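Quantities reported herein were computed from a predicted structural model and do not represent experimental measurements.
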Amino acid sequence: MTREHQGETRGWAAARKGVWSWLRFTSLRLRLVLVFGLVALTAAVSASGIAYWLNREAVLTRTQDAVLRDFEQEMQNRAGALPEHPTQDELQHTAGQMANSSQRFGVLLAAENAAGETVYGSSGGLGGFALSDVPESLRTAVNKEQKVTSANKHAYHLYWQRTSDDGTPYLVAGTRVIGGGPTGYMLKSLEPEAKDLNSLAWSLGIATALALLGSALLAQALATTVLKPVHRLGVAARRLGEGKLDTRLRVSGTDELADLSRTFNSAAENLEKRVADMAGREQASRRFVADMSHELRTPLTALTAVTEVLEEELEYEGEGEGEGGSFDPMVEPAVRLVVSETRRLNNLVENLMEVTRFDAGTARLVLDDVDVADQITACIDARAWLDAVDLDAARGIHARLDPRRLDVILANLIGNALKHGGSPVRVSVTRADDEIVIRVRDHGPGIPEDVLPHVFDRFYKASASRPRSEGSGLGLSIAMENAHIHGGGITAENSPEGGAVFVLRLPQDPSPPVDDDAGDGAHGGDGEGSAGDGSRGKDAKGRA
């Protein structure tokens, strides 16, 4: 297929799509115009048909009655004056006289002469009117003798029939002279009447077309009048859907459309109040979480310092085993619990602050040119996961990303695989259509099907029987938010070979708004996402 042909095909497809979109956009308008047009067409055709039929019958009946009356009178006056056995010349002469009447029709007379032979006399008009021009059925009816009764005073009557020859309509009639005499036939052309009726039909057709056109214009005008408020309502609804809650309609009149506009304004006003109320509550809730998180950081800082001292004492006591420890064996489990829970509480506060930034829309990217393989290696090395993770990533795959947020995502995905999946955890990196695709696969039992739709929900934990796990259920949701802010996303599924697979897709150049206020964000992660920082390397390695 040539490029020119492909261009023509695409152009035709685009034009057809445009036509169909226009039809869909104005479907109600088209239906109104079509309904008006069909009603007008039906009315006009019915009226024209009735008018044509009435006029046709009137014209033909009037002409027919005048011709038959004149023919009958001529038969009585002229044909009736002929002798009982006329000659052909007498018949010819009488037929010519009858044809010169006011109606100008052709005449054919038939009678028996003195010798008993049938002779004919024709007026000679209309190309020679002959007996063969008279329908057989009409001749039979004319020559049939009927019984004379009180109701039927004559044995023979006048009969007529309309025929057509080469498209020209004719009136044919025949009768016999009352009291005995020749049989007469008449042939009258109805072409002038047919032309008049054709002119009438054309006039009615033009009137019908004009009526149809007028009804279409009227329907268009009425549709515009009716649909204009509907169009305004549609525009207002779209603006309302776009978040412009102050949208209102101008109301005029007292009809149903005006009532609809008032209802829309009332609904929009109530919606604006409710959204404002919800936004105020949400903002207050975010402020509360942010303030609470900030207020907790000060005592947590002191607690963290104390727990670090206690942890060092525990490690020192373990190394100097046998020399007498400074902790009572009954107190040591409580100290370890305090150290673990303090670390967990600190991670939770950091995660809450990060979630608050995402909800408030203040989270920003600090982009840098990143070698994805080096970044993954640094993430794994900082958490001492080198022995438990297989990395399949070629160096040289670069992308403009936020290194800190990418580290949060990777720490959550890899840590989650190490904790809830099974070793070895395999991380692979590929490039596909201006995207960086990072797959994290474990060899564990996989994710239950009922859990898959919720793995990125906040505070969601797959096991309800372990509500006090090390994680808070925010790690994967924070990873997803960090992927979204890059313009990418994360999907979770089960591998056919076993284990869970998390697929991270990030654009090579997201080009989002850049701000450096994200530098104090949490390093994300928790037990659910296992996104620890470098200080937890020994603990993470031990769990792996």
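Of the possible donor and acceptor atoms, one in the side chain of His443 sits under 3.5 Å from a partner among the backbone N and O of Pro424. Not a single donor-acceptor pair under 3.5 Å links the side chain of Ser46 to the backbone N or O of Ala43. Looking at Asp277, its side chain never comes within 3.5 Å of a backbone N or O of Lys273 through a donor-acceptor pair.
Side-chain atoms of Ser215 and Leu212, non-hydrogen and from C-beta on, do get closer than 4.5 Å to each other. Between Asn482 and Leu504, the closest side-chain pair of non-hydrogen atoms is not below 4.5 Å.
Partner Asp374 forms a side chain to side chain contact (heavy atoms under 4.5 Å, CB included) with one of Ile376, Asp371, Val370 and no other, that one being Asp371. A side chain to side chain contact (heavy atoms under 4.5 Å, CB included) with Leu413 holds for exactly one of Leu476, Leu418, Asp442; it is Leu476.
Comment: Arg238 does not engage Glu242 in a salt bridge, judged by the lack of any side-chain N to carboxylate O separation of less than 4.0 angstrom. Salt bridge Asp407/Arg404: absent, no basic N to carboxylate O contact under 4.0 Å.
In plain terms, the two heavy atoms of Ala237 and Phe264 that are nearest each other are N-CZ, 3.9 Å.
For His454, the ring-ring contact (aromatic ring centres under 6.0 Å, His included) partners are Tyr460, not counting sequence neighbours. Scanning for side chain to side chain donor-acceptor pair (under 3.5 Å) contacts around Asp434 gives an empty result, with sequence neighbours left out. Scored by the side chain to side chain donor-acceptor pair (under 3.5 Å) test, Asn198 finds no partners at all (sequence neighbours excluded).
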Apply side chain to side chain contact (heavy atoms under 4.5 Å, CB included) to residues Leu401 and Asp369 and explain how you reach the verdict.
CA-CA 7 Å; Leu401 303 170; Asp369 188 67; over 6 Å; no
After noting the C-alpha distance and the side-chain angles of Leu245 and Leu240, does the key distance pass the side chain to side chain contact (heavy atoms under 4.5 Å, CB included) rule?
CA-CA 5 Å; Leu245 302 181; Leu240 196 65; 3.9 Å; yes
Worked verdict on Glu481 versus His486 for side chain to side chain contact (heavy atoms under 4.5 Å, CB included)
CA-CA 9 Å; Glu481 294 289 352; His486 279 88; over 6 Å; no
If you apply the rule side chain to side chain contact (heavy atoms under 4.5 Å, CB included), what do you find for Val366 with Arg405, and how did you get there?
CA-CA 9 Å; Val366 182; Arg405 295 190 182 277; over 6 Å; no
